[in-house]
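Chain letters run A, B, ... following the sequence lines, proteins first, then strands; residues in each count from 1. Fair warning: this is a prediction, and the values are worked out from it, not measured in the lab.
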Amino acid sequence: MHADADAFFASVEQRDHARYRGVPMVVGEQVVACASYEARALGIHAGMPLGQVRRHWPATLVAPVRGDAYEEASARLFEVFRRFTPLVEPGSMEEAFLDVTGRDRDDPAGMAAAIRDAARQEVGLPVSVGVARTKLMAKLASRRAKPDGFLVVDAALEARVRPRLRLDDLWGVGPVTYEKLHAARLFVVADLYGLSVDDLKNCGLSTAMARRVASIAAGTDDATIRLPGPRGSVGATRSFPATRTRSTVEAVLRASVQRALARLGDDARLPTRLEVVVRYDDGTQVTERGPLPQPTTEPEAVGAAALRLLERSGWEQDGRGVTLVGVSIPLPRLRPAARVAPGSSRQAQSQASGDDRQRQKGWPAGSA
DNA sequence: TCTGGGGTCCTAGGACCC
DNA sequence: TCTGGGGTCCTAGGACCC
């Protein structure tokens with residue numbers, strides 16, 4: 001099952017403020033982060049500059065982004081999801097895959113309705129639900145069910161629909177991969193029939209992507225729920241008009257360090273590494289990575305390390321303007337307390353990674 | 001059909017070790 | 001001392017997702 005809140009940010013604002021209900025409105029600061037369905041009907045969509053919205057649709061209401069409200073709504077939404085099954089894989093703040101195998105009393109439509117009702121009653125948000133045999137099909141089903149609906153894809157429907165799926169509609173196939181498939185005159189899933197993984201690799205796909213695409217054609221794409229582990233990294237970036245002024249670039253980088261560290265919250269893990277990203281005005285991007293002098297969340301120490309990495313990128317010697325800088329802080333997979341003496345570290349580490357694999361493999365979904 | 005920002009996963013090449 | 005094979009870790013960059 002794929003459960004996905006409709007127009008999440010906009011729906012939270014409409015829930016909390018009567019003046020936003022039933023009218024075209026958007027959430028955003030500079031650009032539209034989320035448009036209400038009423039606004040979408042006019043042609044407004046995420047990513048559109050707010051200036052353009054105000055020019056063409058002056059009656060459209062604009063709500064500022066209230067991150068805390070969305071976090072809170074997200075937490076309550078996931079509480080609802082977890083009441084139906086502990087096997088919940090978040091896709092983002094507002095959507096998740098749920099393995100409900102054996103929990104739906106052979107009534108997937110009833111269960112989808114129950115989840116939607118619970119989200120509506122308890123969180124006040126519309127949630128669309130897709131039910132199917134695999135994650136891909138469930139995701140496509142919830143997309144099709146929007147807004148505020150649900151769709152159950154049974155075997156007969158899947159057999160009809162799957163061959164006709166457009167490759168550029170597939171979750172996991174982005175513009176780059178689609179372009180390669182398109183160049184090989186492959187457009188829908190049925191065009192993949194008879195092609196091997198090697199054939200797809202010869203189209204320029206990586207091994208992992210070729211396998212994924214081949215499995216979609218074979219109908220063996222996965223239904224595995226991956227339970228979320230601790231997050232892998234925190235980061236912050238900021239874009240700005242192209243500049244070559246050192247004080248500007250360094251100030252933005254320092255501020256990014258502060259924001260990334262703040263994002264760490266109560267996570268007890270101490271970062272040991274740091275990454276600095278620089279984007280130039282021709283769109284190219286470079287990343288400098290390196291160890292911190294010692295594990296720390298001390299802003300001064302992390303900031304100093306960030307400046308060294310920035311220096312190392314050679315941006316000042318580069319003729320191009322800089323349009324974005326930021327940091328990403330990878331978080332250690334092992335808790336410091338789990339560290340062991342050097343003599344046995346290898347065994348301890350391989351054991352730990354084995355555990356992680358076990359966790360990531362999760363549970364098989366079986367067949368619906 | 002690109003706006004900005006926050007993430008995950010994969011890959012290729014090199015260093016290093018046994 | 002050389003050769004081949006296997007493995008891990010690190011680095012830098014890409015693709016994709018919301």
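Atom CG in A:L309 sits roughly 16 Å away from atom P in C:dC10 (whole-Å rounding). Between the CZ atom of A:F97 and the C1' atom of B:dT8 there is a distance of 14 Å, rounded to whole Å. In this structure, A:R273 places its CZ atom 7 Å from C1' of C:dC10, rounding to the nearest Å. Computed from coordinates, the A:F9 CZ to B:dG6 P distance equals 12 Å when rounded to whole Å. Distance, A:L274 CG to C:dC10 P: 16 Å, rounded to whole Å. Atom pair A:R312:CZ and C:dC10:C1' shows a separation of 12 Å (rounding to whole Å applied). Summarising the geometry, the separation between CZ on A:R231 and P on B:dG6 is reported as 12 Å, rounded to the nearest angstrom. Regarding A:Q285, its CD atom lies at a distance of 12 Å from the C1' atom of B:dG5, rounded to whole Å.
For residues 175-188 of chain A, proximity to DNA chain C is found at A:P175, A:V176, A:T177, defined as any non-hydrogen atom under 4.0 angstrom from a strand atom. Non-hydrogen atoms lying under 4.0 Å from DNA chain C are contributed by nothing in residues 41-75 of chain A. Scanning residues 246-264 of chain A for heavy-atom distances under 4.0 Å to DNA chain B yields A:R259, A:R263.
In terms of the side-chain contact (heavy atoms from CB on, under 4.5 Å) criterion, residue partners of A:V197 (sequence neighbours excluded) are, by chain and number, A:K201, A:A210, A:R211, A:A214. Shown here are the side-chain contact (heavy atoms from CB on, under 4.5 Å) partners of A:R246, two or more places apart in sequence or in another chain: A:E250, A:E311, A:W315, A:E316. The salt bridge (Lys or Arg N to Asp or Glu O under 4.0 Å) search around A:R83 returns A:E122, not counting sequence neighbours. Residues passing the side-chain contact (heavy atoms from CB on, under 4.5 Å) test with A:A218, sequence neighbours excluded: A:T220.
With a 4.5 Å cut-off on side-chain heavy atoms, A:L157 and A:D154 count as touching. By the 4.5 Å heavy-atom criterion applied to side chains, A:L167 and A:L192 are counted as neighbours. Residues A:T296 and A:L270 are not in side-chain contact: their nearest non-hydrogen atoms beyond the backbone lie 4.5 Å or more apart. Looking at A:R259 and A:R238, their side chains come closer than 4.5 Å, going by heavy atoms from C-beta outward.
Residues in residues 27-49 of chain A take part in these side chain to side chain donor-acceptor pair (under 3.5 Å) pairs, two or more places apart or across chains: A:Q14-A:E38, A:S36-A:E38. Pairs engaging residues 274-293 of chain A under the salt bridge (Lys or Arg N to Asp or Glu O under 4.0 Å) rule: A:E275-A:R289, A:D282-A:R320, A:E288-A:R312 [sequence neighbours left out].
Taking the side chain of A:S239 as heavy atoms from C-beta on, and the options C:dC18, B:dT8, B:dG4, the nearest nucleotide is B:dG4.
At B:dG5, one or more side-chain N or O atoms of A:R238 fall inside 4.0 Å of OP1 or OP2 (strictly under the cut-off). Here A:T237 reaches the OP1 or OP2 of B:dG6: one of its side-chain N or O atoms lies under 4.0 Å away. Note on A:S328: every side-chain N or O is 4.0 Å or more away from OP1 and OP2 of B:dG7.
Between the CG atom of A:L253 and the CD atom of A:Q258 there is a distance of 11.0 Å, given to the nearest 0.5 Å.
Residue contacts for A:L170: at a heavy-atom cut-off of 4.0 Å it reaches the sugar-phosphate backbone alone, with no base atom in range. Residue A:E94 is in sugar-phosphate contact alone, with no base atom involved, counting any heavy-atom pair closer than 4.0 Å across all strands shown. Residue A:V32 is out of contact with every strand shown, counting any heavy-atom pair closer than 4.0 Å. Residue A:A236 is in sugar-phosphate contact alone, with no base atom involved, counting any heavy-atom pair closer than 4.0 Å across all strands shown. Heavy atoms of A:Q30 sit nowhere under 4.0 angstrom from any nucleic acid atom.
Checking each of A:R162, A:R133, A:K135 against A:D221 for a side chain to side chain donor-acceptor pair (under 3.5 Å) leaves exactly one that passes, namely A:R162.
Side-chain contact check for A:S247 and A:T245: no donor-acceptor pair (N or O, by modelled atom type) lies under 3.5 Å.
Where DNA chain C pairs in unbroken runs of 3 or more (Watson-Crick or G-U, both distances under 3.5 Å), the stems are B:5-18 with C:5-18.
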Set out, line by line, the N/O atom pairs under 3.5 Å between protein and nucleotides 11-17 of chain B.
| residue | atom | partner | partner atom | Å |
| --- | --- | --- | --- | --- |
| B:dT11 | OP1 | A:A208 | N | 2.9 |

Without placing hydrogens or testing angles, list every side-chain donor-acceptor pair under 3.5 Å for residues 141-152 of chain A, not counting sequence neighbours.
| residue | atom | partner | partner atom | Å |
| --- | --- | --- | --- | --- |
| A:S142 | OG | A:H2 | ND1 | 2.6 |
| A:S142 | OG | A:K139 | O | 3.1 |
| A:R143 | NH1 | A:D169 | O | 3.1 |
| A:K146 | NZ | A:D4 | O | 3.2 |
| A:K146 | NZ | A:A5 | O | 3.4 |
| A:K146 | NZ | A:D6 | OD1 | 2.6 |
| A:D148 | OD1 | A:R116 | NH1 | 2.9 |
| A:D148 | OD2 | A:R120 | NH2 | 2.9 |

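More than 12 non-hydrogen atoms from other residues, nucleotides or ligands lie less than 6.0 angstrom from CD of A:Q294. Applying the 6.0 Å contact sphere to CZ of A:R166 captures no more than 12 heavy atoms from other residues, nucleotides or ligands.
Looking at which nucleotide of DNA chain B each of A:G235 and A:R279 is closest to, the 5′-most match is held by A:R279.
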Passes side-chain contact (heavy atoms from CB on, under 4.5 Å), A:T248 versus A:T243? Steps please. CA-CA 8 Å; A:T248 302; A:T243 184; 4.2 Å; yes
